[in-house]
Student: 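Quick one: this structure, given as C-alpha cells, is what I'll be asking you about.
Below, chains carry the letters A, B, ... as their sequence lines are ordered, and counting in each starts from 1.
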Protein chains: 2
Amino acid sequence: MRRPTIKDVASLAGVSPMTVSRVINLEPTVHADTVQKVRRAIETLHYRPDATARSLRGTRSFTIALVYDDNPNANYILSLQNGVLGACRERGYELLIYPCDPRSPRLVDELSLLAKNARLAGLVLTPPMSENARLLAKLKANDVAYARIIAARGDPKDGAPCVYVDDHKAAYAITAYLIQLGHTAIAFLWGDPHYRSSPERYEGYADAMKEHGIPVRKKYVLEGTYTFEDGFRRARKLLAGKDAPSAIFGSNDEIAAGALAAARSAGLDVPWDLSIAGFEDNPFSRQAWPALTTASQSTSEIGRHAASRLLEQLQKGTLPGSERFVPELVIRGSTAPPRAERRAPAAAGA
Amino acid sequence: MRRPTIKDVASLAGVSPMTVSRVINLEPTVHADTVQKVRRAIETLHYRPDATARSLRGTRSFTIALVYDDNPNANYILSLQNGVLGACRERGYELLIYPCDPRSPRLVDELSLLAKNARLAGLVLTPPMSENARLLAKLKANDVAYARIIAARGDPKDGAPCVYVDDHKAAYAITAYLIQLGHTAIAFLWGDPHYRSSPERYEGYADAMKEHGIPVRKKYVLEGTYTFEDGFRRARKLLAGKDAPSAIFGSNDEIAAGALAAARSAGLDVPWDLSIAGFEDNPFSRQAWPALTTASQSTSEIGRHAASRLLEQLQKGTLPGSERFVPELVIRGSTAPPRAERRAPAAAGA
DNA sequence: AGGCGGAATGGTAACGTTATCAACGGTTGC
DNA sequence: GCAACCGTTGATAACGTTACCATTCCGCCT
C-alpha cells in the first residue's frame, strides 16, 4: 500500500492536483466549498505532503537547523533543542542539528554553505555563533534567514528575529541579593570571554556593586572559563589568601559547583562560612548540597520562541521583532548572611 | 550563481549525467579514466549531490532518525546524539532527532509511519523503545531498518544491528568492589522497571552478593525511578531505620546523588559513615562532593557504533553483527571501607 | 563468419510537488 | 455592448536525480 500522493487526493476530491496544492499551502484563492472537499479527501487518505518533493520543486524548504557550540552544556543545549523542536513540529518543519566548533576558521564559510547544501529554510543560531558579526553579515549577504539567541540588555534591532536574554539584569539581581544579605566582599568568577554572556554578567555584578557603594576589587574578579574545574581552581585561590571573600558569584552553575567543591575541600561550611551563587539553573544546581542560589532561564521556552519567530518570518514574510527574557533569581541554600567575624576583615580591606 | 547540478558536472566532464550518477554512487561499472574525469569535474565545480532529489527519485534516503525518550537524561542523550551525528557526517547522512513519549499508546504506529513519512533510511533506537518487542515487530513488518542500543548480557541475535551494554557485568563489578571494601550491608536502589537496564543492574548486584555468600535482604532493595528525588526519598528511608546499610548502590548517578543528599541531610559523612555508588558516570558524578564511584559508559562511542552499524547495513546490504560495551568501574571518593562499629550491627542483622 | 556476452555508456521517463501561465464564467465600467 | 477585470481552476513543465532499458563496441566462441 503506497503512500498517497497529491494526485490521489485530487482525484478523490474531483479537482486538479494544483488545487490540492493550493489548499495545502493555505492560499486564499480557493473557494470555501472546494477547500472542504479537499480537506475531507486529505483526511480520508491520511495524506501528508512529501517534504522532499516540496523542497525540490518549490522555492521553500521545510527544514531549519539548530546551530550550537559542539562543546556544550548538555542541559542547556538539550532544553533549547526541545523548545526548537516543539516549534518545528507545530508548523510541520523538520529540524537539522548542527553542532560546530566556534573557533574553527572555516566556520563562516561552512555555515553559509550549509543553508544551500542542505536546502534549509533558515538557521537558529545560539551563542557564540549568534554573536559573530562576520558570520551574520555573510548570512545576510547570502540571503540566509536566521533567528538569534543572544545575551543582551536590549533589542539589537538588526532586522533579524532575535531572542535576547538580559543576563545583565539577572546578574545584577543576584549581586544585589548578596549585598542585601550583608555581603560586601563578593568575588566574581568570569565565564569564557568569547561568549557575550560573560561581560554582560560581569557588568551586572559590577553595576550592582557600584550602585550600592561597594567598590569592585580587582583581586575578587577572576577571569576563566565556564567550567567546573576552572571554578574550583579560582575559588581555591581566592579562599587560600588571607583576605578571602565572604561570597562568590560564579558566572554559571558549573563554576559555582566548582567553587562549592573548593569550599568544601578548604573545610568551609557553605553557606555559613561562604555564600556561593551560580547562574543558569541547570538540574545539577538543585541537586547539589547545599542547593545553589542561581538565576533560572526557561531555556526550552527561549528555544521555542526563537524558532517560532524564525518560522513566522519564513511563512509570513514579515520581520518579527525581538523578544526579551530575564532569568529569575532563585534563592536556595548556598547563600546566607556572612559571619560577623568574616565580614569584618574583608570590609576593612576594601 | 546557481548551485551546480549533475548536468553541469556531466557537460564539463564530457559524459552523460547518468555516468556522473554512477561515479557518485560508486558503481563498479565505470571505466577508471572516466571516473577520474568526473571526479575532477566535481572538484572543480564543488559539486555536492542534492539529497532532496536523490531521495525523491531514488530508492534510498540519506537521513536516519535518532529515537529517544523525551524525558531524558540530558547528558546521556546529548552524548549519544553526538556519536550518532559523527557517524552520519562521515558517511554523508543527515540526522533527524525524534524524542518521543515511550508510554504513548500511539508510539508504535507513530514510529512505524515516521520512516515512510519522513523518507528515512532507518532508525537508531534507544531504550526503552529499543526494548519494545511490539515496536520492533511492526518495524520489521514494515521493512524499516533499525539499529538498537540496549542493556543486555549477550547478543540478542535478532538479525538487526545492535549495540548491547553489559550493565549486569558492570553492576556486578561495583557490588564486588563494595564487598571487597568490607561491606555486607549493601542496599540497592532500582531504576524504572520499564527500562531493561533496571533488572540487568539489579541482577548484577544480586549475583555478586550471592556469589560472595552474602544474602540479598529485601529491606535493602527498594524499587523506584531513575531520579534524584526518588533516590533521596529511598535513601532517607533506609538511613532512618535502625538497621541502616553501610553502603548504597544507586542504579544511576541521579539516584546516587539523591542518596548523597539524603546522607548529608542525615548528618552522615560520606564515605566514612556511608559508601555510595552510582552508575553511568554523568558529569555530575565527577563534580559531586565526594565524587561518585560509578560505572563509566562511553556513551558517544555507543551512539557512533550503533549508527555506523545501521549505515553499514544500509549501504552494503549485509547484516552486521552486534557489538558489546561494558561500562568500567570508576572508583572515586564516595566509597570507603565501612566503619567497624557500623559494620558489626549490620552483619549481626544479616 | 556469425553470433553471443560482457563492459561501458547513454536516452528516457519518472519520483511528488509547485511556478507559471492560460482559461473560464461572471461581473463591472464606460 | 465590448473591454477590462476578478475569482477560481486547470494544464504544463520543471526541480535534480536515478531506475530501467537500449546501445555501442569489443573480444571470443563455435
Side-chain angles (χ1 to χ4, degrees), chain A residues 2-39 41-42 45-63 92-94 116-121 314-315 317, chain B residues 2-39 41-42 45-63 92 94 116-121 314-315:
Chain A
R2 216 177 78 272
R3 234 185 112 177
T5 74
I6 203 170
K7 288 180 192 166
D8 302 322
V9 176
S11 56
L12 179 59
V15 297
S16 78
M18 208 41 236
T19 301
V20 178
S21 172
R22 291 192 177 99
V23 172
I24 295 166
N25 293 292
L26 304 175
E27 288 177 29
T29 70
V30 187
H31 194 91
D33 297 350
T34 314
V35 172
Q36 286 307 312
K37 275 193 302 185
V38 172
R39 288 255 164 83
I42 289 176
L45 298 174
H46 297 105
Y47 167 75
R48 305 273 306 147
D50 183 315
T52 307
R54 295 230 276 179
S55 65
L56 177 57
R57 172 55 209 182
T59 317
R60 296 170 303 161
S61 139
F62 299 88
T63 306
Y93 276 70
E94 303 285 2
K116 304 287 169 205
N117 283 338
R119 285 181 184 272
L120 295 182
L314 291 170
Q315 292 183 315
Chain B
R2 217 177 78 272
R3 233 184 113 176
T5 75
I6 203 170
K7 288 181 192 166
D8 301 323
V9 177
S11 57
L12 179 59
V15 297
S16 79
M18 211 37 239
T19 302
V20 178
S21 173
R22 291 190 177 100
V23 172
I24 296 167
N25 294 292
L26 305 174
E27 286 176 30
T29 70
V30 187
H31 194 92
D33 297 350
T34 314
V35 171
Q36 286 307 312
K37 272 192 303 184
V38 172
R39 287 254 165 81
I42 288 176
L45 298 175
H46 298 105
Y47 167 76
R48 304 271 309 146
D50 182 314
T52 306
R54 295 229 276 179
S55 65
L56 177 58
R57 172 58 210 180
T59 318
R60 297 170 305 161
S61 138
F62 299 87
T63 306
E94 303 286 3
K116 304 289 171 205
N117 283 338
R119 285 182 184 272
L120 295 181
L314 291 171
Q315 291 183 316

Student: Measure the spacing between OG1 of Thr34(A) and CZ of Arg39(A) and express it to the nearest 0.5 Å.
Tutor: 11.5 Å

Student: Figure out the CG/C1' separation between Leu56(B) and dC15(D), and round it to whole Å.
Tutor: 9 Å

Student: If I take atom CD from residue Glu94(B) and atom OG1 from residue Thr63(A), how far apart are they, to the nearest 0.5 angstrom?
Tutor: 8.5 Å

Student: Quick one: OG on Ser11(B) to CD1 on Ile6(B), what's the gap to the nearest 0.5 Å?
Tutor: 11.5 Å

Student: Whole Å only: how far is the CG atom of Asn117(A) from the P atom of dG16(D)?
Tutor: 13 Å

Student: Tell me: CZ of Phe62(B) to P of dT17(D), nearest whole Å?
Tutor: 11 Å

Student: How many whole angstroms separate atom CD1 of Ile6(B) from atom C1' of dA19(D)?
Tutor: 13 Å

Student: Given atom NZ of Lys7(A) and atom C1' of dT17(C), what is their separation to the nearest angstrom?
Tutor: 9 Å

Student: Mind calculating the distance between CD1 (Ile42(A)) and P (dT17(C)) to the nearest angstrom?
Tutor: 10 Å

Student: If we only count heavy atoms from C-beta on, is the Val30(A) to Thr19(A) side-chain gap below 4.5 Å?
Tutor: yes

Student: Would you mind reading off the distance between Asp50(A) atom CG and dC15(C) atom P, rounded to a whole angstrom?
Tutor: 12 Å

Student: Within the structure shown, what part of the strands sits under 4.0 Å from Thr52(B) by heavy-atom distance: base, sugar-phosphate, or nothing?
Tutor: nothing

Student: Using the side chain to side chain contact (heavy atoms under 4.5 Å, CB included) rule, take Arg3(B) and Asp50(B) through it: C-alpha gap first, then chi angles, then the decisive distance, then the call.
Tutor: CA-CA 10 Å; Arg3(B) 233 184 113 176; Asp50(B) 182 314; 3.8 Å; yes

Student: Output the rounded distance in Å from CZ (Arg119(A)) to P (dC15(D)).
Tutor: 11 Å

Student: Report the distance from atom CG of Asn117(A) to atom CZ of Arg48(B), rounding to the nearest 0.5 Å.
Tutor: 6.0 Å

Student: Regarding Tyr47(A), tell me which of base, sugar-phosphate or nothing describes its non-hydrogen contacts under 4.0 Å with the strands shown.
Tutor: sugar-phosphate

Student: Each nucleotide N or O in nucleotides 4-13 of chain D that has a protein N or O under 3.5 Å away: list the pair and distance.
Tutor:
from: dT9(D); atom 1: OP1; to: Thr34(A); atom 2: OG1; distance (Å): 2.6
from: dT9(D); atom 1: OP2; to: His31(A); atom 2: N; distance (Å): 3.0
from: dG10(D); atom 1: OP2; to: Ser16(A); atom 2: N; distance (Å): 2.9
from: dG10(D); atom 1: OP2; to: Ser16(A); atom 2: OG; distance (Å): 3.1
from: dG10(D); atom 1: OP2; to: Thr19(A); atom 2: OG1; distance (Å): 2.6
from: dG10(D); atom 1: N7; to: Arg22(A); atom 2: NH1; distance (Å): 3.4
from: dG10(D); atom 1: O6; to: Arg22(A); atom 2: NH2; distance (Å): 2.6

Student: Counting side-chain heavy atoms from C-beta on, which of dC15(D), dT18(C), dT17(C) comes nearest to Thr5(A)?
Tutor: dT17(C)

Student: Nearest 0.5 angstrom please: Lys116(A) NZ to Arg2(B) CZ, how far?
Tutor: 13.0 Å

